[in-house]
Amino acid sequence: MATTSKVKTIGVLTSGGDAPGMNAAIRAAVRRGLQQGVQMKGILKGYDGLMNEEIIDMTARDVSDTIERGGTILYTARCAEMRTPEGQKRAAETCRKYGIDGLVVIGGDGSFAGAQKLAALGINTVGVPGTIDLDIACTEYTIGFDTAVNTAMEAIDKVRDTSTSHERCSIIEVMGRNAGYIALWCGIANGAEDILLPEKYDYDEQKIINNIIENRKKGKKHHIIINAEGIGHSTSMARRIEAATGIETRATILGHMQRGGSPTCKDRVYASIMGAYAVDLLIAGKSDRVVAYHNGEYVDYDIDEALSMKKTLPEYQWEIAKALSYNYNK
Ligand code: ADP
Ligand code: F6P
């Protein structure tokens with residue numbers, strides 16, 4: 001199908017932390033663009049690739065066998081230069097040099113801020129939410145969260161088996177530097193006794209200790225504490241809890257394994273729709289937009305509006321998570 005749009009060449013990049021499903025979004029963007037008669041280019045290593053002109057042509061075949069793969073075939077990076085006006089100018093110049101008149105940026109809020117700067121310099125940009133953290137305010141879905149929480153949930157189930165067998169307490173640290181969504185979801189899904197979220201934790205360790213002692217008196221064999229990375233210090237917390245309770249306590253930091261692996265069906269499907277949607281927006285002559293999922297539909301927002309929105313942890317989910325933690329708050 002030929003295009004009547006002015007956009008002739010669209011570049012795709014992934015930026016910030018990788019997330020399972022990013023490849024599905026890249027694949028969809030490339031194939032949708034080609035189908036619409038647009039030339040597609042891949043930019044390697046996020047904004048670094050724009051600084052260093054690491055740009056490749058992308059054919060439909062180049063994205064074969066990628067939908068089921070974790071990580072990002074375009075690689076990703078955190079590019080300090082992109083935060084400077086000089087770097088942003090350089091990135092825009094590279095786009096012009098390679099005839100890239102539309103850019104799909106798959107990443108989180110930081111990556112969108114870069115896209116916003118490029119749009120101000122005349123490059124048509126659309127952001128696609130890709131982060132395992134679910135911490136983008138304008139959207140109820142971000143690429144990779146579903147896979148990450150399923151990976152973490154399975155790992156926590158395994159830790160729980162051995163924790164129960166040894167009648168231990170386990171602190172399991174999940175990712176999320178500023179946002180507790182992974183911890184909250186795992187807290188509910190794994191039936192954790194305590195859930196520590198950066199948004200909520202009051203640093204009252206004595207309350208946790210009391211909770212463990214009380215549960216043990218009632219015959220509970222294990223005590224699972226899900227701790228978000230933003231709070232961290234799981235190993236020293238384990239030492240203090242063991243000293244105070246006399247119950248063997250171990251810390252397990254799940255780390256980057258949460259960001260890898262084959263994406264779930266949900267991540268493959270949502271990422272595919274969003275990648276294609278981003279290209280459709282550019283072809284329709286739109287720029288400065290962010291693709292989102294809201295109230296059961298794929299939508300798009302102005303990037304300034306998207307970045308000014310604030311996300312707050314859903315209070316009701318938090319209340320229920322606590323209510324379901326055995327003995328919590330009693
Ligand atoms: P995420 O996109 O997952 O939020 P980061 O916050 O690390 O991840 O941002 C990814 C990259 O986006 C940064 O390394 C930088 O290149 C670019 N970026 C972040 N913030 C800005 C900004 N304010 N202006 C321009 N570029 C930015
Ligand atoms: O991408 C999000 C995230 O995984 C956060 O949960 C975490 O704090 C951060 O990235 C870790 O990033 P890095 O790759 O630099 O270790």
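Order of appearance sets the numbers: ligands from 1, and atoms from 1 within every ligand. Numbering of residues begins at 1 and proceeds along the displayed sequence. The shown structure was predicted, so the numbers you read here are calculated from the model rather than taken from an experiment.
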Would His256 and Gln258 satisfy side-chain contact (heavy atoms from CB on, under 4.5 Å), going step by step from the backbone distance to the final call? CA-CA 5 Å; His256 289 92; Gln258 293 161 95; over 6 Å; no
Looking only at distances, please establish whether an N/O atom of ligand 1 is found under 3.5 Å from an N/O atom of [X].
| X | value |
| --- | --- |
| Ala77 | no |
| Ser111 | yes |
| Arg78 | yes |

Shortest heavy-atom approach to atom 17 (C) of ligand 1 - which of Ala115, Gly110, Gly114: Gly110
Indicate yes or no: does [X] engage [Y] in a salt bridge with an N to O separation below 4.0 Å.
| X | Y | result |
| --- | --- | --- |
| Glu315 | Lys200 | yes |
| Lys266 | Asp146 | no |
| Glu93 | Lys97 | no |

[X] neighbourhood, listing ligand 1 atoms whose heavy-atom distance to it stays under 4.0 Å:
| X | result |
| --- | --- |
| Ser15 | 10 (C), 11 (C), 12 (O) |
| Gly16 | 3 (O), 8 (O), 10 (C) |
| Met82 | 16 (O), 25 (C), 26 (N) |
| Cys79 | 13 (C), 14 (O), 15 (C), 16 (O) |
| Lys117 | 22 (C), 23 (N), 24 (N) |
| Gly108 | 1 (P), 2 (O), 3 (O), 4 (O) |
| Tyr47 | 12 (O), 16 (O), 17 (C) |

Expected contact list for ligand 2 at under 4.0 angstrom, heavy-atom basis, is Gly17, Arg78, Ile132, Asp133, Met175, Gly176, Arg177, Glu229, His256, Arg259
Give me the one residue out of Asn150, Thr147, Asn23, Thr142 that meets side-chain hydrogen bond (donor to acceptor under 3.5 Å, both in side chains) with Asp267. Thr147
closest protein heavy atom to atom 22 (C) of ligand 1 is Ala113 CB, 3.5 Å
Residue and atom name of the nearest protein heavy atom (relative to atom 20 (N) of ligand 1), distance in Å to one decimal: Arg83 NH1, 3.2 Å
Do you reckon [X] sits in the same ILVMFWY cluster as [Y], going by side-chain contacts under 4.5 Å, direct or chained?
| X | Y | result |
| --- | --- | --- |
| Ile73 | Val104 | yes |
| Ile132 | Trp185 | yes |
| Ile224 | Tyr181 | yes |

Determine yes or no for a side-chain-to-main-chain donor-acceptor pair under 3.5 angstrom, with Arg216 supplying the side chain and Glu167 the backbone. yes
For the pair Asp101 (side chain) and Thr9 (backbone), establish whether a donor and an acceptor sit closer than 3.5 Å, ignoring hydrogens and angles. yes
Answer with yes or no whether Gln116 contacts ligand 1, where contact means a heavy atom under 4.0 Å from a ligand atom. no
Say whether Asp109 and ligand 1 are in contact under the criterion: heavy-atom distance to a ligand atom below 4.0 Å. yes
Can you establish whether the number of heavy atoms outside Lys45 located under 6.0 Å from its atom NZ is more than 12? no
Indicate the ring-plane relationship of Tyr293 and Tyr270, choosing parallel, tilted or perpendicular according to the 30° and 60° boundaries. tilted
side-chain contact (heavy atoms from CB on, under 4.5 Å) between Met82 and Ser111: does it pass, once the steps are laid out? CA-CA 9 Å; Met82 188 61 195; Ser111 304; over 6 Å; no
